[in-house]
Amino acid sequence: MSDIILKTEGLTKHYGGVHALEDANFEIRKGEHVAIMGDNGAGKSTFVRQITAVEQRTRGKVIFDGEEVDFSGPLDAREAGIETVFQNLALADDLDVPSNLFLGRELRLFNLGPFSILNNRAMRKATEEGLKRTGVKIPNLSNSIRNMSGGQRQCVAIARTATFASKLTIMDEPTAALGVQETAQVENIIRTLKESGESLIIVSHNMRQVFDLVDRIVVFRRGRIVANLKREETDGQDVVAYITGAKTGAEYEGAA
Ligand SMILES: Nc1ncnc2c1ncn2[C@@H]1O[C@H](COP(=O)(O)OP(=O)(O)OP(=O)(O)O)[C@@H](O)[C@H]1O
Ligand SMILES: [Mg+2]
């Protein structure tokens, strides 16, 4: 059994003439936490969208938990065990917090095709427990997401990833819109995921956060992976040099 939970081979995405992602070879081990860094437009979110099948990739392979996969969409990826917090949040505006947490996997009292009844009480209870575990404070769970601040929405999306056990969690800039306290909460959630042995890919521009949290840093530049660095073998200056292109030549040689 391989201990690689996710691997991509030659993953490529072109938007017409824009080569947003070019030939990405990436691996992450079970339990490993990896940061993806790079300038705006480097292809980080594009990479996340190809793995989770938000879009159709141009070419390349995705191997998840030992099997080549071709997810039909993000819900399919989620069912397979990949929880994702997207940069532009995929929450349903008109639904309340529990409904968003359980979106696509609602609990039902009984299920007879169109005649099914949602188990709202169970979903609300699980939501309260999930939020409690993560330390995320949402004043009123019955409020629809529409009436929440950007930071509160982000917290709901992140609590969702921590509520369900998954094989891999992907967070695309989870704290970019958060205040100091909320950021600390999210970082605690990430530490909890580490302790429970879950794998994580986090896209972040925050050097302090990355060095606090992850085992390995992968740098994207102009659609390509240009560096694969163990945290203890690099530093902020080094990473910035790869991000800006001042330094080259630490390309991928497998999971660190
Ligand atoms: N739907 C799209 N159609 C055309 N071009 C796109 C599309 N989505 C992204 N791009 C282009 O692909 C490139 C990579 O974008 P991407 O969103 O992956 O960058 P990023 O590394 O996530 O940046 P940021 O740090 O700003 O989030 C950019 O040049 C962007 O303009
Ligand atoms: Mg992005």
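Counting convention: from 1, in listed order, for ligands and their atoms alike.
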T244 side-chain N/O to A241 backbone N/O, donor-acceptor pair under 3.5 Å: yes
Numbered atoms of ligand 1 (with element) below 4.0 Å of S45, judged on heavy atoms: 17 (O), 18 (O), 20 (P), 22 (O), 27 (O)
Which residue supplies the protein heavy atom nearest to atom 23 (O) of ligand 1, what is that atom called, and how far is it? G41 N, 2.8 Å
Quick one: nearest non-hydrogen protein atom to atom 1 (N) of ligand 1, plus distance? Y15 CE2, 3.5 Å
Taking only residues at least two apart or on different chains, which pairs with a member in residues 200-213 satisfy salt bridge (charged side-chain N to carboxylate O under 4.0 Å, His left out)? E187-R208, R208-D212
Are any non-hydrogen side-chain atoms of V203 and F47 less than 4.5 angstrom apart? no
Quick one: which ligand 1 atoms are inside 4.0 Å of a heavy atom on H205? 25 (O)
Atom 12 (O) of ligand 1: the protein heavy-atom neighbour that sits closest, reported with distance to 0.1 Å: A20 CB, 3.2 Å
My question is simple, although I want it checked carefully: is atom 7 (C) of ligand 1 less than 4.0 angstrom from any protein heavy atom? yes
N40 neighbourhood, listing ligand 1 atoms whose heavy-atom distance to it stays under 4.0 Å: 23 (O), 24 (P), 25 (O), 26 (O)
Where is the nearest protein heavy atom to atom 21 (O) of ligand 1: which residue, which atom, and how far? K44 NZ, 2.7 Å
Say whether F26 and V54 are linked into one hydrophobic cluster, either directly or through other cluster members, by side-chain heavy-atom distances under 4.5 angstrom. yes
Honestly curious: do I217 and M207 fall in one hydrophobic cluster under the side-chain, below-4.5 Å linking rule? yes
What atoms in ligand 1 come closer than 4.0 Å to a heavy atom of R49? 8 (N), 9 (C)
Can you tell me if H14 and E22 form a side-chain donor-acceptor pair at under 3.5 Å? yes
Shared hydrophobic cluster for L213 and V240 (ILVMFWY, side-chain gaps under 4.5 Å): yes
Mind checking side chain to side chain contact (heavy atoms under 4.5 Å, CB included) for A80 and listing every partner two or more places apart, or none if nothing turns up? F64, F71
Which one of I201, I190, T84 satisfies the side-chain contact (heavy atoms from CB on, under 4.5 Å) criterion with M171? I190
Sorted by chain and residue number, which protein N/O/S atoms are under 2.8 Å from the Mg ion (ligand 2)? S45 OG, Q87 OE1
Distance (rounded to the nearest 0.5 Å) between K7 NZ and E27 CD: 4.0 Å
Under 3.5 Å, which donor-acceptor pairs do the side chains of residues 176-184 form with other protein atoms, sequence neighbours left out?
{"unit_1": "E182", "atom_1": "OE1", "unit_2": "G179", "atom_2": "N", "d": "3.4"}
{"unit_1": "T183", "atom_1": "OG1", "unit_2": "G179", "atom_2": "O", "d": "2.7"}

Check for a donor-acceptor pair, side chain of R221 on one end and backbone N or O of I243 on the other, with a separation under 3.5 Å. yes
With only distance considered, is E55 within less than 3.5 Å of ligand 1 through an N or O on each side? no
Heavy atom of protein inside 4.0 Å of atom 31 (O) of ligand 1, strictly below: no
Contact check, D39 vs ligand 1, heavy-atom distance below 4.0 Å: yes
Under 4.5 Å between any side-chain heavy atoms of V218 and R216, yes or no? yes
Please list, in number order, the atoms of ligand 1 under 4.0 Å from a heavy atom of E173. 24 (P), 25 (O), 27 (O)
Treating K44 as the side-chain partner and I36 as the backbone partner, does any N or O pair qualify as donor plus acceptor under 3.5 Å? no
Under 4.0 Å to a heavy atom of T46 - the qualifying atoms of ligand 1, by number: 14 (C), 15 (O), 16 (P), 18 (O)
Of the protein's non-hydrogen atoms, which lies at the shortest distance from atom 11 (C) of ligand 1, and what is that distance? V18 CG1, 4.0 Å
Check contact between G43 and ligand 1, using heavy atoms of the residue and a distance below 4.0 angstrom. yes
